[in-house]
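The block underneath contains the structure these notes are about, expressed in structure tokens.
Per chain, numbering begins at 1; letters A, B, ... match sequence-line order. From a predicted model like this one, the values you see are computed outputs, not experimental measurements.
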Amino acid sequence: METMKIQDITPNDLPWKIRYDASRCTLCGSCVAACSFRAIVPKVERRRLVFSEGDLPEPKARFSAVPVIRQAHSIKNYCRGCGICEKVCPNDAIGPLRNVDNRHPIVTRCLGGDSIKRGGRKNLEGTVRTLDRLRVGRISQMTDPSLDAQRHTFDLLAPFGRIMPANKLPFAVNETGQLAASGQTPPVRWIYPVIIGDMSIGALSWRMWEAVAMAVAYLNEECGLPVRMSSGEGGVPERLLKSRYLKYMILQIASGHFGWNRIAKTMPHMIEDPAGILIKIGQGAKPGDGGLLMAQKVAEHIQAIRGVPKADLLSPPNHQGLYSIEESVQKMFLSFNAAFKFRVPVAIKVAASSTSVSVFNNLVRDPYNIVGGFFLDGIDGGTGAAHEVSLDHTGHPIVSKLRDCYLAAVAQGRQGQIPLWAAGGLGKTGDLAADAFKMICLGANGVFTGKLILQMAGCVGNEMGRCNACNTGLCPVGITTQEPALAHRLDVERAAQNIVNYFLAMDQELKKLMAPIGNSSLPVGRADALISTDRAVAERLQIQYVC
Amino acid sequence: MCRIGAIKSRNYVHPSQALLLMQSQQKGHDNSGFAMVMHDLGGIFEGYKHLPTLSLACTDEGLKIAEDILHAAGFQRVLQWVPETNDQPGLDIITMPNYVFETFDYPKHYKKAEKREKEELLLDMRLKIRLALEKDETGFVYSFWPDVLTLKEIGDPRDIGTYFNLWDVDKRFMAKVITAQCRQNTNYDIVRYAAHPFFLQGYTALANGENTFYLKNVEFQQKLHRGYIGFESDSQCFLYTLHYAHRELGWPLSYFKHVITPLPFEDIEQRDDKDSLLSIRQSLAHLEINGPNTIIGVLPDNTLFTCCDAKKLRPIVVGRSDDMVVFSSEVCGINEIMPDRDWETDIYPHEREIVAIDENLEVHRWRQ
Ligand code: SF4
Ligand code: SF4
């Protein structure tokens, strides 16, 4: 007998175990071919068969080499539980099973001497979300009738851009008794209250990015929903920059400034202004950490757009040289505003944190009237790549932080001057309309979401450790990969269609929530419409406690 | 539902007209109170139009507190009128011991002050008195303003009329503009201050309906102006928005409607003045109202106007004769006091207009 190497990895150390039924397997090879992680491999097993041919038992043994599918036991090619093998197997012969006894967090670090990296959302599943403890409780009855979601018209739009207090509006009453503007005000765009969050063209496959862009164009031009998407850090294809679709894009700049060279160079050729600029300071999924794009995903077109070689691309956690908020705000906002001749609103995105309110207060008092939005991203936000320790253990829930910022604005009588946009796990249960509506009642002007968009397109990852391999460049459904073979798994039209359909459904649902509270425009700050059965939540958010 | 009404007349009118106007709509209110504000006063106040009159319901102690505050500030009393009350048994009314209407002359060092400066002083005095009386509920101060008088009481409007002898026409107590409300008390507590009409620095507003954006309105208004306090009713917000848009921002009255019920974005896009309309909608998003409402308002120049919510969920009718214009929640009210008018000329304002009556009783209809 061989010496046992008990420290070797076996499937039992890994998060998923492959269930394989050789008797059903026809050895078609589909699963092995489909597993982008090479977590299953064909193997040959030596089988011993004892048989007897005569009338009397006369056992003989026959040995044969049988081809089978086996799970790889390596921490590099471990099974992610994505279930693609199961999907492609014609005979239901194979599939992943969650392994509750896994030692993955320990063995991976021990063997690799490196921290675990992955994409997705926080995987430490907490208790019920705060948003699920809230209900829309103030339903209009007879004195203030509910509206009819089908018949009445609703103004489902949210501002993006700095809003001047009324007494600072450059108004003069003219001879005809009308108010006429006698000066300039900062640019404000009224857009759909759900923005497609910032996911870069490097993080997403070019086909996925195209699907999102296509869905956005369709929503705007065919469905009349002015939905905007943020480009994410990393630039935008030149053709899009020069196209009329640029007006639907919020261009993002993060600390790596990836892609901005090309954007700046293309400016003279732009026929439309972008919808806005979003300066990313932090991200909720991994607050205090920069962007991470592994070399595997830096394909040729990414190199071209970003002007970089094929190497791991790391955005620093901060904007180098811009450490203080005053300095950053002045330099960045002034330069971006000037670049687009003060026609394009500029907003800032930070990770929700104990300090967010201070940052917000600083911005609210910005004397340049230039900060056109405060994007606040909470702990449940997703990411393409991060160290697992950051994902799971850093960050701040979005709900109370958003509320704090709103109430800070209320305390100064400045609500609405810097529109609040919130994200971080919204739509995690699949019901984005409900989450968005509750956030709006708590004071958000609108919300943004990324991970859910991927799920609309077919992402199979979840918060219980399924897949989350966005960092590997091996996304089994072609969403976060630059491998042509994998990217082609994504049906672009279908993905775009799913996104469009989801937005149409959500639009209807938002109306179905606005109508019963009798509101035809977004109930920003209408916390009186919400109730909670949890006293602590009610107190913290300053809403009605019910039991 | 509360019922509201207003009268604007070329000649002085006695409050009994307002009572009649409201009383005929009795099925629409629950008899839990009656309140009115009179502008452009006649009778014994006619000669004192330029001097502020204090409207107060209070205890003896409250009266002393209020007068002490005013005297300390240098105000001198020039006229006091305590209406004779008819305290017969069985009246459904929760009274205060004293109802006082006192006219004061400005402190000496204010005699030459600018109008605006005096107006700020009057507001400060009223706020100060209100705060002082709030402690032990020793009184309620409704207005302190030239040529304006306010009466509010809890109880059956008919009995309130009897108690104040308002059914008997008395030439001493007249006005050219009277706004009135008979309340439907949907709150559990009947708060005196919660009764419309509300008054602030020459502006009066009253409404029937619900303001579903009350919380948004309040949270925003609290920081806008020191006079925006109380918020005992969700309709008080309309007064403050009116005051803010018209007085503080100096915008024409027609823009009040753009603030409270902004046009939908797609309609704004079609307008020549879209830039200013969009700016207003953006900057004052928190003063928007939602929910069914009809508002009646009076401006410091005694212009009377009305407008409703964007879906016209609460009605209002405007009836006219040569020397009188009457607003009423229900047409039966107008029929009661103007039976001979040409009812075919009655105006039923629509959801996107303001109907305003100027000093010459000319009717202006502004499309939003
Ligand atoms: S579940 Fe996914 S990762 Fe695991 S073996 Fe199947 S295809 Fe490969
Ligand atoms: S399916 Fe793709 S996008 Fe979804 S978690 Fe897996 S790797 Fe990430």
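Proximity to chain B (any heavy atom under 4.5 Å) is restricted, for Leu169(A), to the side chain, taken from C-beta onward. Within the 4.5 angstrom heavy-atom criterion, no atom of Ala409(A) approaches chain B. For chain A, no part of Leu224(B) is nearby; none of its heavy atoms comes within less than 4.5 Å. At a 4.5 Å heavy-atom cutoff, the contact between Val173(A) and chain B is made by side-chain atoms alone. Within the 4.5 angstrom heavy-atom criterion, no atom of Ile289(B) approaches chain A. Contacts between Pro159(A) and chain B at a heavy-atom distance below 4.5 Å are absent for every atom of the residue. Only the backbone of Leu522(A) has a heavy atom closer than 4.5 Å to any heavy atom of chain B. Contact annotation for Gln412(A): only backbone heavy atoms (N, CA, C, O) come within less than 4.5 Å of a heavy atom of chain B. Both the backbone and the side chain of Pro523(A) come within contact range of chain B, judged by heavy atoms closer than 4.5 Å. Contact of Asp273(B) with chain A is made through the side chain alone, with heavy-atom distances under 4.5 Å.
Of all the heavy atoms in Ser283(B) and Ile163(A), the pair that sits closest is CA-CG2, 3.7 Å. Nearest approach of Arg281(B) to Asp155(A), heavy atoms of both residues: NH1-OD2, 2.6 Å. Scanning both residues, Gly413(A) and Phe220(B), for their nearest heavy atoms gives O-CE1, 3.9 Å. Residues Gly525(A) and Leu215(B) approach most closely at O-CD2, 3.5 Å, considering heavy atoms.
Rounding to the nearest 0.5 Å gives a distance of 7.5 Å between CH2 of Trp190(A) and CG of Leu278(B). Rounding to the nearest 0.5 angstrom, the gap separating the OG1 atom in Thr153(A) from the CZ atom in Phe265(B) is 12.0 Å. Note that NZ of Lys223(B) is 11.5 Å distant from CZ of Arg414(A), once rounded to the nearest 0.5 Å. To the nearest 0.5 angstrom, Asn290(B) atom CG is 8.5 Å from Ile517(A) atom CD1. Interatomic distance, Leu179(A) CG to Tyr255(B) OH, rounded to the nearest 0.5 Å: 4.5 Å. In this structure, CD on Gln417(A) lies 9.5 Å from NE2 on His286(B), to the nearest 0.5 angstrom.
Surrounding CD of Glu266(B) are at most 12 heavy atoms belonging to other residues, nucleotides or ligands under 6.0 Å away. Heavy-atom neighbours of Glu359(B) CD from other residues, nucleotides or ligands within 6.0 Å: above the threshold of 12. Around the CG atom of Asp272(B), the shell of radius 6.0 Å holds no more than 12 heavy atoms that belong to other residues, nucleotides or ligands.
Note on Ala181(A), Ala411(A), Gly416(A): by heavy-atom pairs under 4.5 Å with chain B, the leading option is Ala411(A). Most heavy-atom pairs under 4.5 Å with chain A, from the set Gln221(B), Gln222(B), Glu288(B): that is Glu288(B). For the set Trp251(B), Tyr214(B), Tyr244(B), the count of heavy-atom pairs under 4.5 angstrom toward chain A peaks at Trp251(B). Ranked by heavy-atom pairs shorter than 4.5 Å toward chain A, the options Ala310(B), Pro262(B), Ala285(B), Ser279(B) are led by Ser279(B). Across Pro264(B), Ser254(B), Gly291(B), the residue that shares the most heavy-atom pairs under 4.5 angstrom with chain A is Pro264(B). Among Gly177(A), Ser520(A), Ala527(A), Pro170(A), the residue making the largest number of heavy-atom pairs under 4.5 Å with chain B is Ser520(A).
A donor-acceptor contact shorter than 3.5 Å is absent between the side chain of Arg138(A) and the backbone of Thr212(B).
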